[in-house]
Structure formats: structure tokens, C-alpha cells
Peer 1: 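Encoded as C-alpha cells, here's the structure I'll be asking about.
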Amino acid sequence: MTTVTKPDPAPKDPVSTDPFLSVRDLYVRFATEDGTVKAVDGLSFDLERGETLGIVGESGSGKSVTNLAILGLHNPRNTTIAGEIMLDGQELTGASNRTLERLRGNKMAMIFQDSLTALSPYYTVGRQIAEPFMKHTGASKREGRARAIEMLARVGIPQPQTRVDDFPHQFSGGMRQRAMIALALVCDPELVIADEPTTALDVTVQAQILDLLKDLQQETGTSIILITHDLGVIANTADKVVVMYAGRAVERGTTREILKAPEHPYAWGLLSSIPRLTADVDVPLSPIPGTPPSLLNPPSGCPFHPRCAFVEKVGGDRCSTERPQLPDGRGSACHLTTEQKRDIFIEQIQPRLR
Amino acid sequence: MSEEQQKPSLEKGATADAAPEADKAVPAQRPETGERLLEVTGMRKYFPINGGFVFQRRVGDVRAVDGIDFHIDKGEALGMVGESGCGKSTTGRLVTRLLEPTDGKVAYAGQDITHASRRQLAPIRSEIQMIFQDPYASLNPRQTVGNIISAPMEINGINPTGGREKRVRELLETVGLNPEHYNRFPHEFSGGQRQRIGVARALSVNPKLIVADEPVSALDVSIQAQVVNLLQQVQKELGIAFLFIAHDLAIVRHFSQRIAVMYLGKIVEIGDRESIYVKPRHPYTHALLSAAPEADPDDKGRERIRLAGDVPSPINPPSGCRFRTRCWKAQDLCADEEPPLIQLGGSSEGHLTACHFPEEPTVTARAEDIILDPALAGAEEAADKTL
Amino acid sequence: MLRFLTRRVLGAAVILVLISLVTYLLFFALPSDPALLSCGKNCTPSNIAQIHKNLGLDKPIIVQWWDYLIGIFGGRHLPLGNCPAPCFGLSFNNQTPVWALLKDRYPTTLSLAIGGSFIFLVVGVGLGLVSAWKQGSVFDRAASSVSLLGQSVQIYFIGPLAIYLLSYKLGWLNRGQDPSWGAHPGSSLTGLVLPCLVMSVIFWSNYSRQTRSLMVEQLSEEHVRTARAKGMGSRYVFLRYALRGAMGPIITIFGIDLGSVFGGAIITEATFGLHGLGNLAVSAVTQQDLPLEMGVMLIGATSIVIFNIIVDACYALIDPRIRLA
């Protein structure tokens, strides 16, 4: 990233090595009939080459919107985007549609959640896979078809020579998701964004697909952003994790740090509300009280404060008035002191996790 | 709310209910046989597929449930896990008699309800209630919460002391909602709150058995735990038996004392929690457990099994053992002969497995991972070579 | 596909036979006796009986209907003259076979229906597409008001207006004449442009509005988003992905509208003084010419049934998920 060419370089970001993808102070707002939805509210993260970043959050946390914004797939009629998205030194937020079209499906690709609705029912799987390849590499129809067969074989579709002419509805759910992956990887993209890629799948198929993604990544060196609500999905696939809540990143760290020593009360809540296969069944789950906030009118200060059990530890009305900042690198956006976080985690949270 | 509080309102309901159908509606006096609340034997449900050239005729069946046996004791929670299309939801609907079984027998409290008519079912309907997956689709948007929750009482002719409204307000409080919300509409509530309304509706008629079909899978992670805890509290405090249907193995384990694993319309393994999760014998149970995502980066001690492909179609299921097409231990016998659901040597009491070549009763990692998926196996072989 | 067509054609045949039975029964349940009409002033009961015998009216109605049905396929020898297959009976009015009259008039109506449909599909769908492409633009708003205006006028109002302006004043278009495709294909075409145009106007608004909303809906579909995520150009995505999805419903609406299309063609004929089925139907009704009424009715029903089969087949061609069986 050569920030010199930018008229307004982010001054608080003294990066020495340029990350492959860098998102800085991203704001995404939708105009709706009820008001402005602050879908993403000042989000920053980096992604290195060949690395997998997990973005974890519940519905409405802004995780999917962020990634649609990276690809420029939002509806320009009602969406405003501010901030900086740098992909391999190229600014994407203000880029022209033509530039983005050249990057999409080529340098950056996306795997969507529901392959039944995300693939067109009107064209064969082969054609849908070949299309971006033909467009971005100038390949002929014949070459495109050959490439589609090659990709289908690579993602483990049996008899790819015949299945290439099938329509999506003729595939089973797991096979369709494989075809979706083949479609995303057909141009050997350097960035793949996988938006809940296994949520619609069965458990055994989910495991196959996640492992497949990981293996393909090792082969190609692609960077992956894995969006999910399921902490179990990131445990074995992601290197780093960003936890999002109400359009903001509330915690950032390596997967191990987030799962083993989380700092933010929301991350604590998430971890202690999921049952584990080996946990003591007589200990009830510890849910997060309340419901996720509306992004039309998010809470002031820390967006998690209405559901947080530790507001009193901070004292005063700091949590409801002052927005906590998320430091660069490992850290969490919370007013608790580092010692408080550590003590609360060890004394109250950790015992619940085993 | 304790059981003592519940009792009077139940009896009240029973007598009030007697007016229109005096001959049938005496639930309190129905004969009770031991501890069994629900007994299902050889239950089948085939959905016909119609086709044909000029005239429509039956050309095949979707064998959604194909001969299953299980029972639920009073106050017990039986978990039912399996992947989509295994027939677990259909089982739930058969037990509540929303569907009529094609074959087999369903007995509730000793009474055969397999083909019972609406009239015969009337007194039982209030004792078996259902909680649905989708909290958005299962509540009528044009009805107030009060009406929704009191509807089962109305249908079953139950008039609790103090009136239905008082009871509804109590129920709202039980499930953690504000009794003041009596007159609100479902759209004013979040997903988790709606599911609480669904629970309150099921509780309104003091059921003895609740069939919960994926009750939390449509909810956000932080909300799931709220609803699971609520259901658990209901189960323990009111002594209600549950058939808890879900695909999430960890949640089923957390909730149920016994667990049945279904695959393509069959129960392949059933047993108490410990047996199923620690000492599973059926290869499919092993595969399911090893695939369950755990939020633990140090999860290396678990065995790793990756199946190939998807579940076959229930229209034309494989012969013999249905899992054989995806099983690493399958032999000729598996195709020829269907394995019976029996207690294997080394399994504990009540732990039944339907397998000719069962696995060792452990879930610790094997010397060699089982990778059946050709694409995965290829990629991993390539990776091993480069190392 | 063949299986589907065979099945649909068989089904259509059954429906048409039933329609013929019902209409036959209805017509003969009417209080007027056709014999009285052709009997003249010096009518005696024996005359009437003779006419009844000539017309075959002395037999039970169901037998009459059966003879009629057989006649359609095999022809009949009626006392008043020979009636070769397909025999729809002889017109009471001038004893000519009904089929000859229908054959003479059918091309006009069919040409109007097809030409009108072509124009309103092109104009309506085209307007809708441009509106969807430029949502919220001046064009979008203008198109919706213009097409609304089109829907609120009537053929018999804009017909004369169009003749006056486009034909009489400006001399751009022929004022409308019956086509004779075999003899003068060129003038047949130009003679039909104005009537077809006028007829199509009432359909514009519906099709442009439906197309616009279908396209807006399709553009927010996930598979369209996937196409964009692949880097396909916006025009390509619009035409190849979104339009493809909108085509099925448009064709369905067209199938439902077929009846109104034929109705519109008949009103247009009257407005432009063309000699089509509508014209024939009106004279048949006024002269109580039952065989002719039956003939017009059956030919109309047959056309609609056949076009519906074509529409369904098109739907299956567009959407691979529809299995034809």
C-alpha cells in the first residue's frame, strides 16, 4: 500500500508492511423508509496473503454488508459508503464500476451461503462456472467448458464431464456448494470471501466443505475471509478473527486468542452460550440477556452496554456515553481495564467453558 | 412455577372440558402403564409420488420414516439427531398425529393413537404439544399474543381458575415475557421472544409431552441459549417429557437424557447420552460426532472422519443397511441384509445399534483419519507428499 | 416434450368436446325455435315439422350433438345440402357451410391478435425494461404515466382518433383493411399496422408495469448478485440473468390475457370495419344463426386452448426446473 498517492492517508495507521487487504474506518449506511441503517460503523481490519480471517457475528452485525462493500455489490441507490478499502494497493471504495467488474470474479471472488438461490436456475452449472473465466481470461467457449470440468473435478464432483451440463437444481445441496466454490475459484482469485459457506449444509457435508476450502487454500495461497455466526466453524479454519457487534468490530485477535482468552464481554457471552460436546450437562448455558440492537437506532457509547453484565465495573456512565476504541492488533473495544478483563475471564468465564 | 401450582389448573381443565364430549374427555383417569408415556413401534410414513401419462397414479414413495421403534418415559427428554431428510421432523409430526402413520403403532399412555380419529384424539391433543422451528411462520400475525396463547385452551375447552387471560399472563411470566404484552402482535417481538410465545402456547394446556422441532436453529447464537435454558427449566420444573429434534449435536446432548440418531428414515443408534456421545458404535454416529464443529482450536484429540457425498434419496434408499453407500466398513453383507437395532456386546443397557460391523466404543483420534471424500483425500495426499 | 404435448393435446381435445356439448345444450335451450325463423309468414305445424326434420331438430338433443361432433371430423350429408368435413353445420341464413365462412374470416382475426400481441409485447416489455434499467429516472416516471393513459382509453375511442390523425391527416399509415396474405402480402401487412397498434395500446400499461416490477424483483435476487460478483457487466447481468427470470412470469400473464386479446381483436375489427370473426359473430347473433354462433364459439375456444399449450411449452423451454410430463 503506497499511502503517498492518497490525499488523505490514515495517520493513525503506521503500517510498515503493506497488508494484502486493508479496510480502514469503513462506514456503510442504508437509507430506508424508517431511517438510516448504520450497517457498518467504523470498521478496520487487515488481511495478509494466504491468511484466513474469520468475521464472527450475529445477524445484523454488519459482517455480510462489509464484504458486499468490498466487492462493490451494494445497491448504490440507497447505500453510502465511506472509508478506505485497499486491495493489493488499489483503492476500491471510489473505484469505477468498470474497474470493479475487472476485479470481481477475477482477483476477488465470493462464495455465497445458499447455493440454491445464489446460482441461476436458468443456466447449466458449467456455463455459470465458465462465464467469469471466459470474461476475465478471454478464453473461448471450448476452453471455458474444459476449465469448468477441471474445476468441478477439483472440488470433488463425480463425473464432471457429464455433470457440467446439469442445472443447479439437479445437484444435491453439498454438490451445489462445491459448484459454488468451483465458480469462485475458477480464475484463481487472490481473495475469496466466503459468506456463511456451510450454514445451509448438513453437519457431515459442512465438515467436508470446510476441509476442502482449507486444502484448496493451501494449494493456491488464496486469502480467505470467512464470515460466520458459528464459532465452531472458525476454530479449525481461520488464522485470525474479528468479532463484530452492531456494525462494529468489538474484538480482534488470533483464533486461539479469541476462543481461549477472549477479552470482550460479548465474546464471553457468545462462547458461554454455546454448548459443547464435552461440557458438563448439568451446568446451564449462560445466555446473553436481551436481543441484538436495531441498527436504525443503535445504543449510544458502547453498543453492547444494554446487554453487558459488567457495566458497573467500569463505573459511571462511561459505557453509555463514550464509544470504546478498538486498538490495532490484538485487543477489544471495551472500557474495562486489561486487568479487569483478565480477572473476570479467569474467575467467571473460563469455569463455564469446560 | 412449580408442579403443585400446575396440578389444580389441569384438573379444572379436565372437568370443564367434559361438557361437550363427556364420554371421552377424562384424561385424568386414563390407564397409566408403568413409566412409558409414548411407545412407538415399527412406525412408517411413506409419502406417495404421483405421476403417469394420462391419469395420475402412484409411481413411488418418499420413505420419510421407515420402521422405527422408540419410547419416551414420563418427564424424560429424548433427543433426535440426524441430517436433513432423515425423517426426524416427520417423526415429530407423526407422534403429535399431525400426520397419520402409514404403518406401525403409536401408543400414548397405553392408548393406541396410530389411526385415532379427530374425536378420539381430542382429549390427547392437549397433552401432546408442539414447538416449531420458525418463530416467524408459526405465529398468526393477525392475532394478539393473548389470543395465540389461549387458543389451545379454547380449542380443548379448558377454563382455568381465574379465567384464561389470567393464565396467559402467568404463562407469559413463566417464559420470561412481560405479562403486559398480552395485547401485542407477534411482529412486535424479536425471534427469541416469539419462540418464547410458542413455548407459552405449548404450555397453556399443561402438556405431558412436548415435541420441539428444531426449536432454536432459526435463532441467533446469543438467543439460542436463552430458549434452551427456558425449555430445560420447563422440562425439569414441570416434569414434561420432550421429543427434542435438532441437527446440532451439542445442543441435543445438552438437553436430552437419551438420544436417537436417525439416518434415511431409520434409527441407527439409540441410547443414553453418555453411550451415544462417548461410546458410539455406529459408524454414522462416529462420523456425525467427528464432523460437529467445536469452538476449540485444541480439538485434536477427536477422531476425524470425512464422508463422501450427500445423503442418498429417500425415494430409492440403498438396500440392506442404508448407510453402507457412505460407510468405510461396508461389506457385501451390508447390502444384502438390514442390520437389526440391537444391544451389542460391550454396549451398556438400553444402548441399541443397527450395524453389522460396529466401531470401537470411543471417539478419540484414530491412528489414521478416515477421509472418504475423493477431492479431500487427493488434496491431503498431495500435501503429505510435499511435506 | 413430446410426451407433454401429447398429453396436453389429448386434454385439450377432451375440454373442447365438453365445451361443444355445453354450448350445444345452451343454444338449444334457448326459447326461440329456429324453424319459426325460416318458416316465413304462412307457417303451418306441418311446415315446422318438415323444417325440423330438415334441420335434424326432431332427434333428441344429445343425438344431434353427437351427429354434429361426428360431422366435424367426417362431414355430413344434410337434407339442405352437402357439408364436407370439417362440418360445423350449414348456416341457417344462406345454407353455406359454416366452415367456409369461418375460413374466410379467421385470417383477419388471427392476424390482428398476433400482430397486436407482438406490438404490445415489444412496446410493453421494452418500456418496462428501460424503466427498470433507469429506476426513478424521468423516463421511468414518464413511461408509467403514458402507459397508464393507454390503459384508461378504449379501442373504439382511440381507433377513430388514430385513423383521423395517422391516416387521414398525416397519411403515415393505411386506415386498415382485411388481409389477404396469399394474394397481396405487402398491402396485407401495411393494412394491419394501424389496427394492431390501436389494439395493443390497452395492453401496454399492464405489461410495462409488470415487466418493471418483475425486473426490479429479479435484480435483487441472489443469483443476479452472484452474476455481478463474477464480474459480469451490468448490461449482461440485466439481460441474461434478470430478464431470463422475468420472462416466465411475463409469458404466464400473456397466457392469461389470451382471451382478452381475442376479445380486443373483435372490438378492433368492428372499429376499423374489418371482416373477421367478430363481425361474423355479431351478425350470427343478430340473425339467430345457431350453427354459425356455435362455429365461432368453438373456433375461438380452440384458438385459446392451442395458444395456451404453446405458452406452457415456452415456459418449459425458459425454465429448466419445469419438468414436462
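Letters A, B, ... mirror the listed sequences (proteins, then strands); counts begin at 1.
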Peer 1: Need one label for A:R154: side chain, backbone, both or neither, based on atoms under 4.5 Å from any heavy atom in chain B.
Peer 2: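 Interface part for A:R154: backbone (N, CA, C, O).
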
Peer 1: Taking every heavy-atom pair that is under 4.5 Å apart, which of B:S290, B:A287, B:A308 has the most such pairs with chain A?
Peer 2: B:A308

Peer 1: Under 4.5 Å heavy-atom distance to chain B, tell me which part of A:L271 shows up: side chain, backbone, both or neither.
Peer 2: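 For A:L271, the contact with chain B is made by the side chain alone.
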
Peer 1: With a 4.5 angstrom heavy-atom cut-off, which part of A:V205 approaches chain B: side chain, backbone, both or neither?
Peer 2: both

Peer 1: Measure distances from B:V228 to the heavy atoms of chain A and classify the residue's part below 4.5 Å as side chain, backbone, both or neither.
Peer 2: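 For B:V228, side-chain heavy atoms alone lie under 4.5 Å from chain A.
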
Peer 1: Looking at A:D215, A:L231, A:T198, which makes the most heavy-atom pairs under 4.5 Å with chain B?
Peer 2: A:D215

Peer 1: According to the interplanar angle, ranging from 0 to 90°, do the rings of B:H187 and B:F185 count as parallel (below 30°), tilted (30 to 60°) or perpendicular (above 60°)?
Peer 2: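 Correct class here is parallel.
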
Peer 1: If you round to the nearest 0.5 Å, how far is NE2 of B:H282 from SG of B:C355?
Peer 2: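 Spacing of SG (B:C355) from NE2 (B:H282) equals 5.0 Å.
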
Peer 1: How long is the straight-line distance from CG of A:N297 back to CG of A:D34, given to the nearest 0.5 Å?
Peer 2: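 Rounded to the nearest 0.5 Å, the CG-CG separation comes to 11.5 Å.
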
Peer 1: Taking every heavy-atom pair that is under 4.5 Å apart, which of A:G174, A:A235, A:G156, A:P275 has the most such pairs with chain B?
Peer 2: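 Sorted descending by pairs with chain B, the first entry is A:P275.
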
Peer 1: Where does A:E219 contact chain B at under 4.5 Å (heavy atoms): side chain, backbone, both or neither?
Peer 2: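 Side chain only.
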
Peer 1: Tell me, out of B:V363, B:D373, B:N229, who's got the most heavy-atom pairs with chain A below 4.5 Å.
Peer 2: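 Maximum pair count with chain A is reached by B:N229.
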
Peer 1: To the closest 0.5 Å, what do you measure between CZ (B:F189) and CD1 (B:I197)?
Peer 2: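 That separation rounds to 4.5 Å.
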
Peer 1: In Å and rounded to the nearest 0.5 Å, what is the CD to CG distance from B:Q193 to B:L172?
Peer 2: 11.0 Å

Peer 1: To the nearest 0.5 Å, what is the distance between CD on B:E359 and CD1 on B:I305?
Peer 2: 6.5 Å

Peer 1: Answer with side chain, backbone, both or neither: which region of A:D211 has an atom nearer than 4.5 Å to a non-hydrogen atom of chain B?
Peer 2: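 Backbone plus side chain of A:D211, per the 4.5 Å heavy-atom cut-off to chain B.
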
Peer 1: Describe, in one word, how the ring planes of B:F244 and B:F255 are oriented to each other, choosing from parallel (under 30°), tilted (30 to 60°) and perpendicular (over 60°).
Peer 2: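 The arrangement is parallel - the two ring planes meet at less than 30°.
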
Peer 1: Looking at B:R273, B:Q224, B:H247, which has the largest count of heavy-atom pairs under 4.5 Å with chain A?
Peer 2: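 Among B:R273, B:Q224, B:H247, the one with the most close pairs to chain A is B:R273.
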
Peer 1: Go through the atoms of B:Q226 and report whether side chain, backbone, both or neither lie under 4.5 Å from a heavy atom of chain A.
Peer 2: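 For B:Q226, the contact with chain A is made by backbone and side chain together.
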
Peer 1: For A:Q350 and A:W268, test the side chains for any donor-to-acceptor distance below 3.5 angstrom and give the result as yes or no.
Peer 2: no

Peer 1: Checking heavy atoms, do the side chain of B:S190, its backbone, both or neither come under 4.5 Å from chain A?
Peer 2: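 The answer is the side chain of B:S190.
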
Peer 1: Sort B:D220 into side chain, backbone, both or neither according to what part of it lies under 4.5 angstrom from a heavy atom of chain A.
Peer 2: both

Peer 1: Measure from NZ or CZ of A:R163 to the centre of the six-membered ring of A:F171 and say whether it is under 6.0 Å with the direction within 45° of the ring axis.
Peer 2: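 Yes, a cation-pi geometry.
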
Peer 1: Taking B:R302, B:R304, B:Q232 one by one, which has the highest count of heavy-atom pairs under 4.5 Å against chain A?
Peer 2: B:R304

Peer 1: Could you check which of A:I288, A:T204, A:D282 has the highest count of heavy-atom pairs closer than 4.5 Å to chain B?
Peer 2: A:T204

Peer 1: Between the side chains of B:S275 and B:S348, does any donor sit under 3.5 Å from an acceptor?
Peer 2: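 The answer is yes; a qualifying pair exists.
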
Peer 1: Which pair of non-hydrogen atoms, one from A:L277 and one from B:E294, has the smallest distance, and what is that distance?
Peer 2: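 It is N-OE2, 3.2 Å.
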
Peer 1: Which region of A:Q206, side chain (C-beta onward) or backbone (N, CA, C, O), has a non-hydrogen atom less than 4.5 Å from a non-hydrogen atom of chain B, or is it both or neither?
Peer 2: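 Contact with chain B is through the side chain of A:Q206 alone.
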
Peer 1: How far does CG of B:D213 sit from CE of B:M80, to the nearest 0.5 angstrom?
Peer 2: 11.0 Å

Peer 1: What part of B:A377 is in contact with chain A, defined as an atom under 4.5 angstrom from a non-hydrogen atom: side chain, backbone, both or neither?
Peer 2: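 No part of B:A377 comes within 4.5 Å of chain A.
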
Peer 1: Examine whether an atom of B:L289 lies under 4.5 Å from a heavy atom of chain A, and if so say whether it belongs to the side chain, the backbone or both; otherwise answer neither.
Peer 2: both

